[in-house]
Amino acid sequence: MGKGLLLAGEPMGLLIAQSEGSLDSVKGYSLAVAGAEFNVATGSARLGHNTAYLTKLGDDLPYPKRKRHRQFIGDLY
């Protein structure tokens with residue numbers, strides 16, 4: 001097994017307003033994933049480095065496990 005980078009952390013859901021305005025006037029949000037370790041893992045993988053990200057996902061997210069898995073680590077590949 002070659003050398004690589006393993007990051008462990010807690011990703012977070014980032015809600016991005018689809019328009020400017022107060023919280024009660026915004027009509028919708030986009031969901032993204034953020035977190036320091038996650039961002040470093042994503043950037044490192046995009047630069048071609050052998051990168052892995054370790055985390056534990058809860059069961060409280062609003063999508064099936066398959067989609068949840070792809071949502072959080074899909075950008076790394």
Side-chain angles (χ1 to χ4, degrees):
M1 183 178 217
K3 293 182 180 180
L5 180 64
L6 171 64
L7 292 111
E10 300 170 335
M12 64 181 144
L14 176 63
L15 296 173
I16 304 167
Q18 293 176 345
S19 63
E20 291 187 25
S22 62
L23 288 177
D24 59 349
S25 69
V26 173
K27 300 294 181 200
Y29 296 88
S30 298
L31 176 64
V33 182
E37 297 86 357
F38 183 84
N39 293 342
V40 170
T42 301
S44 176
R46 287 180 177 166
L47 291 172
H49 299 288
N50 184 17
T51 306
Y53 182 74
L54 177 67
T55 191
K56 181 176 181 181
L57 301 176
D59 290 329
D60 58 345
L61 296 175
Y63 12 85
K65 288 183 181 181
R66 249 181 305 147
K67 285 187 179 180
R68 184 176 345 144
H69 178 76
R70 270 188 261 129
Q71 177 73 32
F72 280 100
I73 67 170
D75 283 345
L76 296 181
Y77 299 104

Checklist line | G9 to T55 - nearest heavy-atom pair and separation | finding: O-OG1, 2.7 Å
Note to self: Looking at E20, I want to see if its CD is surrounded by more than 12 non-hydrogen atoms of other residues, nucleotides or ligands under 6.0 Å.
What the structure shows: no
Checklist line | Residue pair A41 / T51: nearest heavy atoms and the distance that separates them | finding: O-CG2, 3.5 Å
Checklist line | L6 to Y53 - nearest heavy-atom pair and separation | finding: CD1-N, 4.4 Å
Check: With sequence neighbours excluded, what pairs up with A8 under the side-chain contact (heavy atoms from CB on, under 4.5 Å) test?
Finding: L54
Notebook entry, point to check: So which heavy atom on N39 is nearest to which on V33, and how close?
Noted result: OD1-O, 4.3 Å
Notebook entry, point to check: Hey, what do you get for CG (L14) to CG (L31), rounding to the nearest 0.5 Å?
Noted result: 8.0 Å
Notebook entry, point to check: Looking only at heavy atoms, what is the nearest atom pair of V26 and G21, with distance?
Noted result: CG2-O, 3.9 Å
